[in-house]
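Down below is the structure, laid out as structure tokens.
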Amino acid sequence: MKFQIDNKIMIKALETILMKGKYKKGDSTETRIISEYVYVDGSNPNNLTLFNANHYCGCSLNVITPVVVDEKKSFIIEAEKAIKYLKTFSGEVSFTFGDSLVMRNGTRQATLPLVTDHPAVEMMTRLLATEVADGFPTVGKTKLETKVVVNSENLVNAIKGCSAVNTGAYKLEYNGESFTVSSSRRQEGYTTSVEMMTHEGDSSILVIAQPFHRFLDGISILYMRDDSPLYIVGIDRKIVLAPSVDI
């Protein structure tokens, strides 16, 4: 597989798919990523698809760039290591996947080893298997029953506000008329409403203990159900998140 892409575009894509942020840890949070390994799929000659996952979250991101496909259409790389080298380049970077990953930029070249397996293949498979039928998707064996469409910027700002509580967990609540995001700890809490563009389906409440707002951009379609996975679809991205048992 071969492709060329601007280094800033690729850095942003890799940083997005890593979902670095504050994750719930006990009664507080810690900064980490979902996984350092990114699955790179070039089976579509018109765009590259990046996948990443852990046992609680799976996400994919499409990046528009011509891809030359040979006998191998996919590889797994260490994303943070690739980002480190990409930051030493400028402009167009050529990626060649073979026995290793070779990145070239003018007279500069970086060679990185490839990874054999991704540790969260099951979650990536669940994401790939999720399709929307009759207006609502089925994640695993669970049919989601609520659809809320928002401007991602509004939802991101709501999550950032709730982050002040520093629990790393966010309650999403749709009651048929409004959509709110909140976070609380003992007598401390933060609640805010998010404007909806469209909405339909049953009332839903669930808690997500992942900084999923780091992944959102543009218009986001949220599919929900009480205490069930959250499935979010954007123009060029998808993410499925397991619910948390507490907030």
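Here, residue 1 is the first one in the sequence, and each next residue gets the next number.
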Could you go through Ile232 and Tyr223, starting from their C-alpha distance and side-chain angles, then the distance that decides it, and tell me whether this counts as side chain to side chain contact (heavy atoms under 4.5 Å, CB included)?
CA-CA 6 Å; Ile232 306 176; Tyr223 296 98; over 6 Å; no
- Would you sort out whether Lys147 and Ile221 count as a side chain to side chain contact (heavy atoms under 4.5 Å, CB included), showing the intermediate values? CA-CA 7 Å; Lys147 178 181 179 181; Ile221 305 172; 3.8 Å; yes
- Please assess Ile17 against Phe215 for the test side chain to side chain contact (heavy atoms under 4.5 Å, CB included), listing each intermediate value before the final yes or no. CA-CA 7 Å; Ile17 206 78; Phe215 188 72; 3.9 Å; yes
Give the intermediate values and the outcome of salt bridge (charged side-chain N to carboxylate O under 4.0 Å, His left out) for residues Glu15 and Lys87.
CA-CA 12 Å; Glu15 289 179 339; Lys87 288 182 175 179; 3.8 Å; yes
For a side-chain hydrogen bond (donor to acceptor under 3.5 Å, both in side chains) check, start with the C-alpha distance between Tyr231 and Thr130, then their side-chain angles and the critical distance, and finish with the verdict. CA-CA 9 Å; Tyr231 181 55; Thr130 301; 5.4 Å; no
Checklist entry - Between Leu206 and Leu230, is a side chain to side chain contact (heavy atoms under 4.5 Å, CB included) present by the stated rule, with each step listed? => result CA-CA 8 Å; Leu206 58 89; Leu230 172 64; 4.3 Å; yes
Verify side-chain hydrogen bond (donor to acceptor under 3.5 Å, both in side chains) between Asn154 and Asn157, making sure each step is shown before the conclusion. CA-CA 5 Å; Asn154 295 334; Asn157 289 336; 5.0 Å; no
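Between the side chains of Ser163 and Tyr170, a donor-acceptor pair is found at a separation under 3.5 Å. Between the side chains of Ser220 and Ser152, at least one donor-acceptor pair of N or O atoms lies under 3.5 Å.
Counting only distance, with no hydrogens or angles, the side chain of Asp226 and the backbone of Ile205 share a donor-acceptor pair below 3.5 Å. Checked by atom type and distance alone, the side chain of Thr65 pairs as donor or acceptor with a backbone atom of Gln4 at under 3.5 Å. Here the side chain of Thr96 pairs no donor or acceptor atom with the backbone of Lys2 at under 3.5 angstrom. Without hydrogens or angle criteria, Asn7 side chain to Gly91 main chain gives a donor-acceptor distance under 3.5 Å. Listed for the Asp70 side chain is a donor-acceptor partner under 3.5 Å among the backbone atoms of Met1. With hydrogens and angles ignored, the 3.5 Å screen pairs a side-chain donor or acceptor of Asn175 with a backbone N or O of Ser178. Judged by distance alone, with hydrogens and angles left aside, the side-chain atoms of Ser183 form a donor-acceptor pair with the main-chain N or O of Ala169 at under 3.5 Å. Under a 3.5 Å cut-off, the side chain of Arg225 and the backbone N or O of Ser204 do not form any donor-acceptor pair.
The CG atom of Leu241 lies 9.5 Å from the CG atom of Leu222; values are rounded to the nearest 0.5 Å. The distance from atom CG of Asp41 to atom OG of Ser74, rounded to the nearest 0.5 Å, is 6.0 Å. Considering OG of Ser184 and NZ of Lys171, their distance stands at 6.5 Å, rounded to 0.5 Å. Put simply, OG on Ser203 and CE on Met224 are 9.5 Å apart, with the number rounded to the nearest 0.5 Å. Distance CG/Asn44 to NZ/Lys73: 10.5 Å, rounded to 0.5 Å. Distance check, rounded to the nearest 0.5 Å: CD of Glu145 to OG1 of Thr142 gives 9.5 Å.
With respect to the salt-bridge test (charged N to carboxylate O, under 4.0 angstrom), the residues Lys84 and Glu36 do not qualify. A salt bridge does not link Arg186 to Glu188: none of the charged side-chain nitrogens sits closer than 4.0 Å to a carboxylate oxygen.
Sparse packing is recorded around CD of Glu131, with 12 or fewer heavy atoms of other residues, nucleotides or ligands lying under 6.0 Å away. Shown here is Tyr85, whose OH atom has no more than 12 heavy atoms of other residues, nucleotides or ligands within 6.0 Å. Residue Ile64 qualifies as open at atom CD1: its count of foreign heavy atoms under 6.0 Å is 12 or below. The number of heavy-atom neighbours closer than 6.0 Å to NZ of Lys143, taken from other residues, nucleotides and ligands shown, is above 12. Around the CD atom of Glu92, the shell of radius 6.0 Å holds more than 12 heavy atoms that belong to other residues, nucleotides or ligands. Crowding of Arg214 atom CZ: a count of heavy atoms from other residues, nucleotides or ligands under 6.0 Å not exceeding 12.
For the pair Val102/Arg104, a side-chain contact is recorded, criterion being any heavy-atom separation below 4.5 Å from C-beta on. In this structure, Glu200 and Phe136 have side chains that are in contact, with non-hydrogen atoms separated by less than 4.5 Å. Under the 4.5 Å side-chain criterion, counting only non-hydrogen atoms from C-beta, Leu155 is in contact with Phe179. Side-chain contact check for Leu127 versus Phe51: some heavy-atom pair is nearer than 4.5 Å. Side-chain contact check for Ile77 versus Val115: every heavy-atom pair is 4.5 Å or farther apart. Proximity of Pro211 to Lys22: side-chain heavy atoms (C-beta onward) are nowhere separated by under 4.5 Å. Within the 4.5 Å cutoff, the side chain of Leu86 has heavy atoms near those of the Met103 side chain. Here the side chains of Met124 and His118 are in contact, with some heavy-atom distance below 4.5 Å.
Across all their heavy atoms, Ser28 and Asn166 have their closest contact at OG-ND2, 3.2 Å. Of all heavy-atom pairs spanning Ile33 and Leu18, the tightest one is CB-O, 3.4 Å. Contact detail for Ser193 and Thr180: the closest heavy-atom pair is OG-CG2, 3.7 Å. Looking at every heavy atom in both residues, Gly42 comes nearest to Val69 through O-CG2, 2.8 Å. Closest non-hydrogen pair, Cys59 versus Met19, comes out as SG-SD, 4.3 Å. Smallest separation of non-hydrogen atoms from Thr111 and Ser100: CG2-OG, 3.5 Å.
In the hydrophobic clustering of ILVMFWY residues, with side-chain heavy atoms under 4.5 Å counting as a link, Phe75 and Leu50 come out together. Val207 and Val139 fall into different hydrophobic clusters, where Ile, Leu, Val, Met, Phe, Trp and Tyr residues are linked whenever their side-chain heavy atoms come under 4.5 Å apart, directly or through other members. No chain of hydrophobic side-chain contacts below 4.5 Å, direct or via other Ile, Leu, Val, Met, Phe, Trp or Tyr residues, connects Leu144 to Leu172. Cluster annotation: Tyr37 and Val40 are assigned to distinct hydrophobic clusters (Ile/Leu/Val/Met/Phe/Trp/Tyr, side-chain heavy-atom contacts under 4.5 Å, transitive). Linking Ile, Leu, Val, Met, Phe, Trp and Tyr whenever their side-chain heavy atoms come within less than 4.5 Å leaves Val38 and Leu128 in two separate clusters.
Between Phe3 and Phe95, the two ring planes are parallel [angle under 30°; tilted spans 30° to 60°].
Each of Asp236, Asn46, Thr49 was scored for a side-chain hydrogen bond (donor to acceptor under 3.5 Å, both in side chains) with Asn62, with one residue passing: Thr49.
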